[in-house]
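Reading through the structure tokens given below for one structure.
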Amino acid sequence: MRIGKLDNDQLNGLILSKFRHVRSEVVCSPRVGVDCAAVDLGGRLAVLSTDPITSADNNLGQLTVHVSCNDAAAAGAEPIGLLVTLLVPPSATEKDIARVADELSFAAEQAGVEIIGGHTEVTDSVTRMVTCATVLAKAGSRGVLDARNMRAGNDLVLTKSAGLEGTAILASDHADMLSGIPEEELQAARAFFGAVSVVKEGLYAAEHCATAMHDVTEGGVLGAAWEMAEAAGCCVEIDRAAVPVHPATEHICAALGLDPLRLLSSGAMLIACEDGASLVRGLRAEGIPAAVIGAVKEGRGAFFADGAPIDPPGADELYRLPQQKA
């Protein structure tokens, strides 16, 4: 099988279709385009999500914390704590393990969450360190934002820019393939690791007219747009020219022949809302770059503004590079 997430037909056919709704406390369960579960514990909703980090050699602990918290924020929930599993190859050292723990601790403090448990194991089942984290969060005053709430007439807003996390990974793990990129630009790209959290914008948007959100991960902006359209049963239209792309991302992707709009993009949140211009003004006032990049219309599917269809998400652009690093 190809490297990366299962495609959505595989995910539905092999996994999601086998799970049944058997507990009344579970008010939101897995489906394409939805990354969180929600459980009613008696008057307050607990939101939970889990994610592995398998595509990065550097900043593993930082990505583990922020990527997990981002899923909760996309549901309009405030992250509280994380359970983290760390799988360590026999070739690693105690210093390597301590480094990841330090990264986890620092990132958790940044995010205002606690590491509340987990598991650490040395195993020859992995060839490099892999984490998997589960986030526990509490729903906001509007409850859990559900992708199915997106509707025709909504605007689509993107925060920050496309390809942030993927750019940082490329500049860190594939620098040997980027000899034509100035070192100062590679350093700027590596700094994107510090911008992968979308908790601030997620919580702000949840209180200010957002109807649905999707943190942009594997498959990039276009993959997230397709998944939101699929989950809501709506038609999403994306203006490619309106999607913000940082110059460092443009240059690195051009050097490697990659599409920045299909590149791993933790740090960007795709938000469906009633008034995109108003939300953009509010986000910018909070210090968060944002732009209206499209709209939700009657119909089904995902398209560019010129009518060309947007394909379902496949393997992320990272996985087109040599697999010993990606």
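Pairs passing the side-chain hydrogen bond (donor to acceptor under 3.5 Å, both in side chains) check and including a residue from residues 72-84, sequence neighbours excluded, do not occur. Among residues at least two apart or in separate chains, there is no ring-ring contact (aromatic ring centres under 6.0 Å, His included) pair with a member in residues 255-289. Residue pairs meeting the salt bridge (Lys or Arg N to Asp or Glu O under 4.0 Å) criterion with at least one partner in residues 184-213, sequence neighbours excluded, are K160-E201, E183-R190. For residues 272-282, every residue pair satisfying the side-chain hydrogen bond (donor to acceptor under 3.5 Å, both in side chains) rule, not counting sequence neighbours, is listed here: R151-E274.
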**Study point:** T93/D96 under side chain to side chain donor-acceptor pair (under 3.5 Å): CA gap, chis, key distance, verdict
**Key:** CA-CA 5 Å; T93 66; D96 293 327; 3.2 Å; yes
Review point. How far apart are the C-alpha atoms of D71 and S49, what are their side-chain angles, what is the distance that settles it, and do they pass the side chain to side chain donor-acceptor pair (under 3.5 Å) test?
Key: CA-CA 7 Å; D71 280 341; S49 182; 3.0 Å; yes
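A 4.5 Å side-chain heavy-atom check between M129 and L86 finds at least one atom pair inside the cut-off. Residues V157 and L283 meet the side-chain proximity criterion, which asks for heavy atoms closer than 4.5 Å. With contacts defined as side-chain heavy-atom distances shorter than 4.5 Å, the pair L264/T217 qualifies.
Residues satisfying the side chain to side chain contact (heavy atoms under 4.5 Å, CB included) criterion with A225, sequence neighbours excluded, are V236, I238, L270. Evaluation of the side chain to side chain contact (heavy atoms under 4.5 Å, CB included) rule for P313 yields N8, W226, E227 as partners, not counting sequence neighbours. Not counting sequence neighbours, the partners of A210 by the side chain to side chain contact (heavy atoms under 4.5 Å, CB included) test are L145, A205, M213, I271. For the side chain to side chain contact (heavy atoms under 4.5 Å, CB included) test, residues two or more places apart in sequence or in another chain that qualify with A255 are L178, I181.
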Side-chain donor-acceptor distances from residues 284-300 under 3.5 Å, at least two apart:
from, atom 1, to, atom 2, distance (Å)
R284, NE, A290, O, 3.2
R284, NH2, A290, O, 2.8
K297, NZ, E237, OE1, 3.3
K297, NZ, E237, OE2, 3.2

Residues 60-68, side-chain donor-acceptor partners within the protein, below 3.5 Å, at least two apart:
from, atom 1, to, atom 2, distance (Å)
Q62, NE2, F193, O, 3.1
T64, OG1, L60, O, 2.7
T64, OG1, T131, OG1, 2.6
S68, OG, T64, O, 2.8

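Closest of all the heavy-atom pairs between G267 and T159 is O-OG1, 4.0 Å. Nearest heavy-atom pair, R262 versus D311, reported as atom, atom and distance to 0.1 Å: NH2-O, 3.2 Å.
Each of L258, T249, L186 was scored for a side chain to side chain contact (heavy atoms under 4.5 Å, CB included) with L170, with one residue passing: L258.
One hydrophobic cluster holds both I169 and V100 under the rule that ILVMFWY side chains link at heavy-atom gaps under 4.5 Å.
Other members of the cluster containing L164 are F192, with ILVMFWY side chains joined at under 4.5 Å, either directly or via other members. Clustering of Ile, Leu, Val, Met, Phe, Trp and Tyr side chains at separations under 4.5 Å places V130 together with L87, V126.
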